[in-house]
Amino acid sequence: MAAMGVANEEFEDEDELIEKQEELEEEEEGVLDSPAVLNARLGETSAELDRTRDEFTSLDTMCNATARMVQDLSKRLNAQARVVAMFQEQTKLHEAFQKELDADAEVTQADRNALLDNWQLTELRLSSAQEERQRLELELQTLTEEHKNLNAKRSVVKPKLMALVKKVELTEKLLGSCEDLTGLGHESESGVFA
């Protein structure tokens with residue numbers, strides 16, 4: 001219990017204290033375990049570490065890929081917004097020019113029809129550009145949400161990965177201690193320690 005009192009003074013953060021106490025408990029358990037048990041534990045923990053590392057690597061790769069895709073899609077959306085603004089400006093220019101033509105009696109009907117056809121084509125292109133912008137906005141929203149989810153999953157796996165690394169290191173340390181202790185046996189007839 002005296003060791004716990006010292007631990008309480010050394011570790012102000014409660015989580016850090018709990019983690020250190022768990023390490024001490026694992027170390028105490030490991031000291032009592034035989035090398036065979038420690039080897040088995042090391043194998044299981046190493047396998048779990050490999051699986052968790054693979055999971056983290058996969059999530060990290062997907063997270064980085066979606067981040068790039070979000071960035072690229074944002075650029076496409078900005079470009080599409082500029083296209084929409086351009087067609088809106090052209091539509092306004094057509095409307096202003098139409099008012100000028102209505103006041104000018106010398107303009108032929110063919111010119112009026114050509115201007116109307118051009119205005120209708122511009123309106124059609126504007127509508128198409130606005131639909132594409134809306135599609136890109138929805139796609140960006142979906143992709144951004146996917147990126148957030150992947151990032152959250154990666155953030156959950158990372159502490160687990162770090163804990164497993166520590167557990168493997170601790171088990172290796174305990175196993176090394178056991179092997180050192182068994183190597184200190186008596187000298188056999190051949191001059192080798194048994």
Side-chain angles (χ1 to χ4, degrees), residues 1-82 84 131-185 193-194:
M1 285 311 238
M4 284 193 149
V6 171
N8 284 332
E9 293 172 13
E10 291 177 6
F11 304 103
E12 295 176 13
D13 185 71
E14 187 176 325
D15 291 334
E16 188 178 351
L17 174 64
I18 291 170
E19 184 178 314
K20 186 64 178 175
Q21 286 173 340
E22 288 173 355
E23 284 180 19
L24 289 173
E25 289 171 6
E26 285 180 10
E27 209 170 302
E28 288 172 4
E29 288 174 11
V31 169
L32 300 175
D33 288 336
S34 69
V37 172
L38 288 173
N39 268 328
R41 185 185 305 161
L42 181 60
E44 292 169 5
T45 307
S46 293
E48 186 178 355
L49 174 61
D50 290 342
R51 286 189 300 273
T52 305
R53 186 178 289 134
D54 290 346
E55 180 183 3
F56 180 81
T57 301
S58 174
L59 287 169
D60 192 53
T61 300
M62 289 188 296
C63 196
N64 291 335
T66 56
R68 284 189 300 275
M69 291 167 63
V70 164
Q71 187 178 27
D72 292 345
L73 195 54
S74 292
K75 289 177 184 176
R76 287 177 47 205
L77 182 59
N78 287 337
Q80 191 63 31
R82 289 193 301 272
V84 167
E131 287 173 9
E132 178 64 10
R133 182 185 63 191
Q134 288 174 345
R135 186 192 68 75
L136 289 172
E137 286 171 345
L138 182 60
E139 187 178 342
L140 180 61
Q141 182 181 8
T142 303
L143 193 58
T144 300
E145 191 63 34
E146 181 182 345
H147 176 70
K148 286 179 185 178
N149 290 337
L150 287 169
N151 197 29
K153 288 178 185 178
R154 180 178 64 177
S155 295
V156 167
V157 172
K158 187 174 183 176
K160 182 179 176 183
L161 179 64
M162 301 308 293
L164 286 169
V165 167
K166 286 181 181 180
K167 192 172 182 179
V168 165
E169 289 172 352
L170 178 63
T171 305
E172 287 174 339
K173 178 181 166 187
L174 292 172
L175 188 58
S177 296
C178 283
E179 289 172 352
D180 289 345
L181 289 175
T182 57
L184 295 177
F193 286 98

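Since the model is a prediction, treat every value here as computed from it, not as a measurement. Computed over heavy atoms, backbone and side chain alike; hydrogens, waters and symmetry mates excluded.
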To the nearest 0.5 Å, atom CG of L49 lies from atom NZ of K167 at 11.0 Å
- Query: Is N149 close to E145 at the side-chain level, that is, under 4.5 Å between some pair of heavy atoms?
  - Reply: yes
**Report entry** Residue pair V168 / E172, side-chain heavy-atom distance below 4.5 Å
**Finding:** yes
Would you say the side chain of N151 lies within less than 4.5 Å of the side chain of R154, judging by non-hydrogen atoms? yes
Taken to the nearest 0.5 Å, the spacing of E137 CD from L140 CG works out to 8.5 Å
Of R76, Q141, E131, the one forming a side-chain contact (heavy atoms from CB on, under 4.5 Å) with L136 is R76
Keeping S58 on the side-chain end and D54 on the backbone end, is there a donor-acceptor pair under 3.5 Å? no
Sequence neighbours excluded, the answer for side chain to side chain contact (heavy atoms under 4.5 Å, CB included) partners of R82 is N78, A79
When K160, M162, R51, K158 are each screened for side-chain contact (heavy atoms from CB on, under 4.5 Å) with F56, the one that passes is K158
Taken in chain and number order and not counting sequence neighbours, the residues that satisfy salt bridge (Lys or Arg N to Asp or Glu O under 4.0 Å) with E132 are R135
Could you pull out every donor-acceptor pair under 3.5 Å between side chains of residues 62-75 and any protein atom, sequence neighbours left out?
unit_1, atom_1, unit_2, atom_2, d
N64, ND2, D60, O, 3.2
T66, OG1, M62, O, 3.1
T66, OG1, C63, O, 3.0
T66, OG1, H147, ND1, 2.9
S74, OG, V70, O, 2.9

Result for side-chain contact (heavy atoms from CB on, under 4.5 Å) between L161 and one of K166, R53, E48 points to R53
L38 and T171 have their tightest heavy-atom pair at O-CG2, 3.6 Å
dist L59:CG -> K153:NZ (nearest 0.5 Å) comes out at 7.0 Å
